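Note that the structure is predicted; figures quoted are calculated from it, not measured. Numbers here are sequence positions counted from 1.
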Amino acid sequence: KSSKREWKPLEDHSCTDVPWLFLFILFCVGMGFICGFSIATGAAARLLSGYDSYGNICGQKNVKVEGIVNSGLDLTHKKYVFFLDPCNIDLVHQKIKSLALCVSACPRKELKTLADIQKFAETNGSTLCSYELQPSEYTTDPAATKLCPKYPVPESAPIPFFHRCAPVNISCYAKFAEALITFVSDSSVLHRLISGVMTSKEIIMGLCLLSLVLSMILMVIIRYISRVLVWILTILVILGSLGGTGVLWWLYAKERISASAVETQIAKDNLQAVLIYAIAATVFTVVLFLIMLVMRKRVALTIALFHVAGKVFIHLPLLVFQPFWTFFVLILFWTYWITVLLFLGTTGSPVPNEEGFVEFRMVGPLKYMWWYHLVGLIWISEFILACQQMTVAGAVVTYYFTREKRNLPFTPILASVNRLVCYHLGTVAKGSFIITLVKIPRMILMYIHTQLKGKENACARCMLKACICCLWCLEKCLTYLNQNAYTATAINSTNFCTSAKDAFVILVENALRVAAINTVGDFMLFLGKVLIVCSTGLAGIMLLNYQRDYTIWVLPLIIVCLFAFLVAHCFLSIYEMVVDVLFLCFAIDTKYNDGSPGREFYMDKVLMEFVENSRKSMKEAGRGGGAEGRELKPM
């Protein structure tokens, strides 16, 4: 216990938060049970093969459903689901309000009359009318207008893997794309946009690759331009505040001259308002200057941390690819989650509805599996992201607290993953669960706000938005604290609560430094994102301008810029994570070491120069002396 309180980095490895690991494993077993249950109850077959309105699964023999005519049919040769009115869509319940039948083939051309439908059945052996109606009766039976599809029957083709006949012309699904159709009322515009994307697909791929390369280059060279970016930020803030204040006082002087010539109540009110604004701007400018004066040395720490972070990526190049692995694992999990969600949509027992057709519904406690599945989406997604944070933290901690960089493990990233899997999965599960507890009520409130949009009064709307905003702020604060708790766990192998408490104490003791890093550092990274997007967009304009095969290249350029921003955000968020981990390591290093024999610093020479300059400044101010004035020497 004593060694852990003294922060002995990387000297002790032990399992942390084991009960939470068992709880997470049990939860994942529950997720697997939901998947197995839906497959065992026939949901997978109903989803993939499709089923008609009578509960028959297409392409196989079926069991009779009590009270339902046309159920229990042998549909071995009828493998496709056909909707008699595919364009009748219920947007509220997200389903097609139409009689569904199993057919042997989808109509590959438009059928305009009942005679065409009859001819299609006789030629292809695919009956598109209800089962009780024979093809010879399509044109003679009076009930054919209700039992046969609404004509003209649109040309359709089977959806790959899902055996549903879908109209080739998607115009009947216009309700789903109402916003798009409103925007491009002329279909020719839409065609030109799509043709622009298809024609310039090679350029789009090349520009996306360019944004990827620029992001990697920026992560390496940002340590050399960090000082320039800080000076740019400082100059812009000073000029902006002084210019805004000067303009307000100039407007006040101008309004005062005008008010003396025309003495009206409106002129007096305007003069008073401008005076208040000018005084407020002056106070803001003075306070801002004082804050910048106090934090100028902390800004130097931010520059030093960015410089060291660049070195980290040189020694640990695999960190660059960390977003790819995380994104790949998330895509795999989300694909699994959506598949099981689709299974759940067809899970349950066959129940007759009001129209005499069959619906599959879950009854009893099983109907709450949706909620369990939704919580699993949030918790496991957060768990995967937390594993990335712990992996990055472990690798950076190994780099920082290894005195001789030549003695670093061959792959610190893999060593960090190994420690995570062997010791700290419980801590990651606990931290991600805390974020889940905040996300769920926020999502519920957002859903309620969406459902009540336009119906609730102003007070209720304001309270809902305030609650959503507070939960969002709480989530961001907890995410930041979790990340530092993972760093403390990587250093000392303590459980989540102990690590969070220790990290919180360190952050509070260095509150001004934290503020400087989170403001100046975040703005620098934002400038980096803007730089990558602008560079990629400029290259896109130059390349697309020479492409003459289409008329509109706005959409390709938007796609490229969005992808560039996404790539830049993914890479620079890793950079930001590395800077945060380095700062906590630096704060711990300066708190428990002083450079004396036996208590040598672990930090890089750049950070050591920062500490040396700070102590010299304190000594010159009359506050240094003794141990504070010793020269700092690396181990």
Side-chain angles (χ1 to χ4, degrees), residues 179-180 183 192-194 196-237 239-240 302-303 305-307 309-310 312-313 317 319-328 330-331 385 388 392 472 476 479 517-547 550-580:
L180 177 64
F183 174 67
R192 289 202 303 272
L193 288 173
I194 295 175
V197 173
M198 296 305 296
T199 309
S200 59
K201 56 183 181 295
E202 293 85 3
I203 295 178
I204 293 176
M205 293 176 64
L207 291 172
C208 291
L209 182 62
L210 174 64
S211 66
L212 191 65
V213 174
L214 289 177
S215 299
M216 292 182 178
I217 294 175
L218 182 62
M219 291 178 69
V220 177
I221 67 171
I222 196 172
R223 64 179 178 137
Y224 300 110
I225 63 175
S226 56
R227 190 179 299 275
V228 177
L229 290 178
V230 169
W231 278 112
I232 292 174
L233 170 64
T234 304
I235 292 172
L236 288 177
V237 170
L239 292 179
T302 305
I303 297 173
L305 287 173
F306 270 72
H307 189 87
V312 170
F313 282 99
L319 274 179
V320 175
F321 301 100
Q322 196 62 34
F324 292 107
W325 301 119
T326 304
F327 183 71
F328 177 72
L330 282 173
I331 288 296
L385 293 174
Q388 172 185 271
V392 173
W472 180 83
K476 293 301 179 183
T479 301
I517 292 171
N518 287 336
T519 52
V520 179
D522 287 353
F523 186 78
M524 289 171 59
L525 294 177
F526 172 75
L527 290 180
K529 296 174 187 178
V530 172
L531 176 64
I532 292 173
V533 173
C534 292
S535 301
T536 308
L538 180 61
I541 292 174
M542 294 175 64
L543 290 173
L544 293 170
N545 188 45
Y546 290 99
Q547 189 77 17
Y550 51 87
T551 57
I552 296 180
W553 46 263
V554 174
L555 188 58
L557 191 62
I558 292 175
I559 293 174
V560 166
C561 290
L562 288 176
F563 183 83
F565 180 81
L566 179 62
V567 169
H569 176 73
C570 290
F571 278 94
L572 294 182
S573 64
I574 292 292
Y575 202 99
E576 181 182 7
M577 200 181 301
V578 170
V579 170
D580 290 337

Side-chain atoms of residues 558-567: list all donor-acceptor pairs with protein atoms under 3.5 Å, sequence neighbours left out, distances to 0.1 Å.
none

Working to the nearest 0.5 angstrom, can you tell me the gap between C570 SG and K529 NZ? 9.0 Å
Reported CZ-to-OG1 distance for the pair F328 and T326, which is rounded to 0.5 angstrom: 12.0 Å
Side chain to side chain donor-acceptor pair (under 3.5 Å) partners of residues 556-568, not counting sequence neighbours, each pair once: none
Closest contact, heavy atoms only, Y575 versus F306: OH-O, 2.8 Å
What's the verdict on ring-ring contact (aromatic ring centres under 6.0 Å, His included) for F571 and F324, showing C-alpha distance, side-chain angles and the deciding distance? CA-CA 10 Å; F571 278 94; F324 292 107; 5.7 Å; yes
Please name the pair of heavy atoms, one in Q388 and one in P323, separated by the smallest distance, quoted to 0.1 Å. OE1-CA, 3.9 Å
Anything under 3.5 Å between a donor and an acceptor, one on a side chain of residues 206-218, the other on a protein residue two or more places apart or in another chain? List them.
| from | atom 1 | to | atom 2 | distance (Å) |
| --- | --- | --- | --- | --- |
| S211 | OG | C208 | O | 2.6 |
| S215 | OG | S211 | O | 2.9 |

Might you work through the side-chain contact (heavy atoms from CB on, under 4.5 Å) test for V320 and I574, ending with a clear yes or no? CA-CA 8 Å; V320 175; I574 292 292; over 6 Å; no
